[in-house]
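The structure is given below, and queries will be raised subsequently.
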Amino acid sequence: MQSVAQAWLVYSMTKSALLLGTVGFASQIPVFLFAPIGGITADRVNRQRLVIATQTASMILASILAWLTLSGRIHVWHIFVLAALLGVVNAFDIPGRQSFLIDMVGKEDLMNAIALNSSMFNGARVVGPAVAGILVARIGEGWCFAANAFSYIAVLIGLLLMQVRSVPRISNRSPIEDIIEGFRWVNRTKIIRSLLFLIGLVSLVGMPYTVLMPVFADKILHGGARGLGILMGATGVGALFGALTLAAKTGIKGLGRWVTITCATLGISLFLFSFSTSFWLSAALLLPCGYSMMLQMACSNTLIQTIVPDHLRGRVMSLYSMMFMGMAPFGAFFGGALANRIGAPMTVAVGGIACVLGAIWFGRALPELRIEARRLIVAQGLAGGEPVQELDAQPVEE
């Protein structure tokens with residue numbers, strides 16, 4: 001709700017696609033800059049306490065945004081500052097939460113836990129934007145921000161009630177040395193490097209369509225705030241089905257092929273969406289967009305978490321955060337700037353073509369990558385409940 005309301009607030013105050021992209025840049029560039037520090041923090045401290053701290057900070061920032069908006073004191077620069085501060089919090093929250101996941105459930109249930117987590121997240125994406133569109137049209141953006149602030153109370157209570165063993169890890173090296181170790185491990189591990197590159201590509205050229213959605217909703221499809229909620233809700237419905245698809249899968253075989261296919265279908269869906277001038281056709285095309293993007297990211301997340309050694313988990317997941325969210329601000333900024341020049345539809349079309357080309361590249365590299373993936377997964381013991389000997393007998397991606 002807050003994401004949709006914030007985007008609509010900026011657009012209604014400025015009518016600028018460039019500023020829409022810039023506020024997206026401000027909210028996510030801190031993830032790119034500070035995620036390595038967040039990753040080493042997640043590897044060194046109690047992850048449960050780290051997540052409690054970041055969720056508390058997020059609640060405070062949402063409360064300030066709600067107060068400024070409801071009191072009529074809000075200015076565009078306020079939104080930029082609060083968005084940037086939330087980005088700093090996310091730089092620590094994302095690797096902390098991703099690493100904490102395995103502390104909660106263990107490696108055997110990791111894939112299903114990631115799918116369940118994605119289902120909850122995307123279930124909120126279905127309801128939130130639709131509710132936000134209605135609330136923004138009727139009572140304004142401030143109440144959406146207030147609802148987000150109140151929601152953290154339940155989150156914090158849940159975290160405090162958990163009894164999870166999350167032991168801090170002691171290192172004799174400096175933080176810089178540990179950060180460099182994480183970068184080096186990823187650089188020499190082709191499967192992880194390739195997955196992260198593809199995630200970064202999609203975040204850079206594919207995800208700007210969400211930032212430009214207010215432009216499509218207002219100028220192209222003429223749906224207003226309510227239309228924006230429906231369009232974002234359609235993306236969320238598709239993403240929810242993607243999460244349920246992964247949840248229904250047992251084991252990790254075929255995930256590499258899924259990553260290739262979903263990246264390609266995302267690109268094709270974005271390309272078709274960019275040329276649509278029918279509101280309901282556009283909403284229908286956003287279903288496979290959400291489905292493909294969610295499934296690609298979740299499959300990549302599962303493979304990375306299954307492969308990475310536990311002592312490197314926070315640092316590697318921080319690089320996942322850099323590619324997933326850290327590249328998005330560059331995409332949002334350049335997408336907004338490009339949309340000012342050639343229009344939002346052509347910007348999205350170019351991004352769709354780039355996603356298809358990325359899928360072709362990854363698919364051609366997959367036969368070599370799956371051999372390394374099998375070796376690393378076997379080294380980790382169990383993966384997704386599959387016995388080691390089964391993984392050793394057949395390539396992971398068959």
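One-based numbering along the sequence shown. None of these values were measured; they are calculated from a predicted model.
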Exercise for the section: Before giving the answer on side chain to side chain contact (heavy atoms under 4.5 Å, CB included), spell out for L196 and M322 the whole-Å C-alpha distance, their side-chain angles and the decisive distance to 0.1 Å. Expected result: CA-CA 9 Å; L196 291 178; M322 289 176 67; over 6 Å; no
Exercise for the section: Look at the side-chain heavy atoms of Ile, Leu, Val, Met, Phe, Trp and Tyr, link any pair under 4.5 Å apart, and say whether M317 and L33 land in one connected group. Expected result: yes
Handout entry: Within 6.0 angstrom of F275 CZ, more than 12 heavy atoms from elsewhere
Key =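 Correct, the count exceeds 12.
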Handout entry: Euclidean distance, F271 CZ relative to L266 CG, rounded to 0.5 Å
Key = 13.5 Å
Exercise for the section: Identify the two heavy atoms, one from A91 and one from P30, that lie closest to each other, and give their separation to 0.1 Å. Expected result: CB-O, 3.8 Å
Handout entry: Side-chain (R315) to main-chain (I40) donor-acceptor, under 3.5 angstrom
Key =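 No: the side chain of R315 does not pair with the backbone of I40.
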Handout entry: Separation of R97 CZ from D103 CG (nearest 0.5 Å)
Key = 14.0 Å
Practice task
Kindly say whether D93 contributes a backbone atom to a donor-acceptor pair with the side chain of N90 at under 3.5 angstrom?
Solution key: no
Handout entry: Gap separating the CE atom of M59 from the CD1 atom of I64, nearest 0.5 angstrom
Key =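 With rounding to 0.5 Å, CE (M59) is 11.0 Å from CD1 (I64).
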Exercise for the section: Please check if the distance between the ring centroids of W67 and F145 is under 6.0 Å. Expected result: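 Aromatic pair excluded; centres sit 6.0 Å or further apart.
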Problem - Side-chain donor or acceptor of Q48 paired with backbone N/O of L159 under 3.5 Å - result: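 Checked: pair present.
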Practice task
Please check if the side chain of R313 supplies one atom and the backbone of D43 the other of a donor-acceptor pair under 3.5 Å.
Solution key: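 Pair absent, no side-chain N/O of R313 close to backbone of D43.
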Practice task
Return yes if some donor-acceptor pair links the side-chain N/O of S99 with the main-chain N/O of G96 below 3.5 Å, else return no.
Solution key: no
Practice task
Check the hydrophobic clustering (I, L, V, M, F, W, Y; side-chain heavy atoms under 4.5 Å; chains of links allowed) and say if L19 and I342 are grouped together.
Solution key: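 As far as the 4.5 Å side-chain criterion goes, I342 and L19 are not connected within one cluster.
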Problem - Whether E372 side chain and K190 backbone form a donor-acceptor pair below 3.5 Å - result: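 Checked: pair present.
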Exercise for the section: Looking only at non-hydrogen atoms, find the nearest pair between G182 and L319 and report the distance. Expected result: O-CD1, 4.2 Å
Exercise for the section: Return yes if some donor-acceptor pair links the side-chain N/O of R193 with the main-chain N/O of V186 below 3.5 Å, else return no. Expected result: no
Completion exercise
The reported gap from NZ in K219 to OH in Y11 (rounded to nearest 0.5 angstrom) is 4.0 Å
Practice task
Please answer: with hydrophobic residues joined when any side-chain heavy atoms are less than 4.5 Å apart, are L286 and F279 in the same cluster?
Solution key: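 Cluster IDs for L286 and F279 match.
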Practice task
Using the six-membered ring wherever Trp is involved, compare the ring planes of F273 and F216 and label them parallel, tilted or perpendicular (cut-offs 30° and 60°).
Solution key: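 Aromatic pair F273/F216 classed tilted.
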Practice task
Take L287 and T235, measure what side chain to side chain contact (heavy atoms under 4.5 Å, CB included) needs, and give me the verdict at the end.
Solution key: CA-CA 5 Å; L287 290 169; T235 304; over 6 Å; no
Handout entry: Distance (rounded to the nearest 0.5 Å) between D218 CG and M213 CE
Key =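 One finds 13.5 Å between CG of D218 and CE of M213.
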Exercise for the section: Could you walk me through whether L198 and S300 pass the side chain to side chain contact (heavy atoms under 4.5 Å, CB included) test, one step at a time? Expected result: CA-CA 9 Å; L198 195 63; S300 300; over 6 Å; no
Exercise for the section: Sequence neighbours left out, what passes ring-ring contact (aromatic ring centres under 6.0 Å, His included) with F330? Give chain and number order. Expected result: F25, F32
Exercise for the section: Report yes or no: does Q296 contribute a side-chain atom to a donor-acceptor pair with the main-chain N or O of T262 at less than 3.5 Å? Expected result: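 No: the side chain of Q296 does not pair with the backbone of T262.
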Problem - Straight-line distance of Q98 CD to S318 OG, nearest 0.5 Å - result: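 Reported to 0.5 Å precision, the distance equals 11.0 Å.
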Handout entry: Donor-acceptor pair, side chain of T189 and main chain of I191, under 3.5 angstrom
Key = no
Exercise for the section: Tell me whether M346 is reachable from V348 by hopping between hydrophobic residues (I, L, V, M, F, W, Y) whose side-chain heavy atoms are closer than 4.5 Å. Expected result: no
Exercise for the section: Flag yes if more than 12 heavy atoms outside W185 fall under 6.0 Å of its CH2 atom; otherwise flag no. Expected result: yes
Handout entry: Any donor-acceptor pair under 3.5 Å from T260 side chain to G256 backbone
Key =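 Judged by distance alone, yes, a pair lies under 3.5 Å.
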Exercise for the section: Give the cluster check for F183 versus I307: same hydrophobic cluster or not, with ILVMFWY residues linked at side-chain heavy-atom distances below 4.5 Å. Expected result: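 Same cluster: F183 reaches I307 through Ile, Leu, Val, Met, Phe, Trp or Tyr contacts under 4.5 Å.
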Handout entry: Heavy-atom neighbours of F241 CZ exceed 12 at 6.0 Å
Key = no
Problem - Candidate pair L201 and C355, rule side chain to side chain contact (heavy atoms under 4.5 Å, CB included), full reasoning - result: CA-CA 7 Å; L201 176 69; C355 289; 5.8 Å; no
Problem - Whether over 12 other heavy atoms sit under 6.0 Å from L160 CG - result: yes
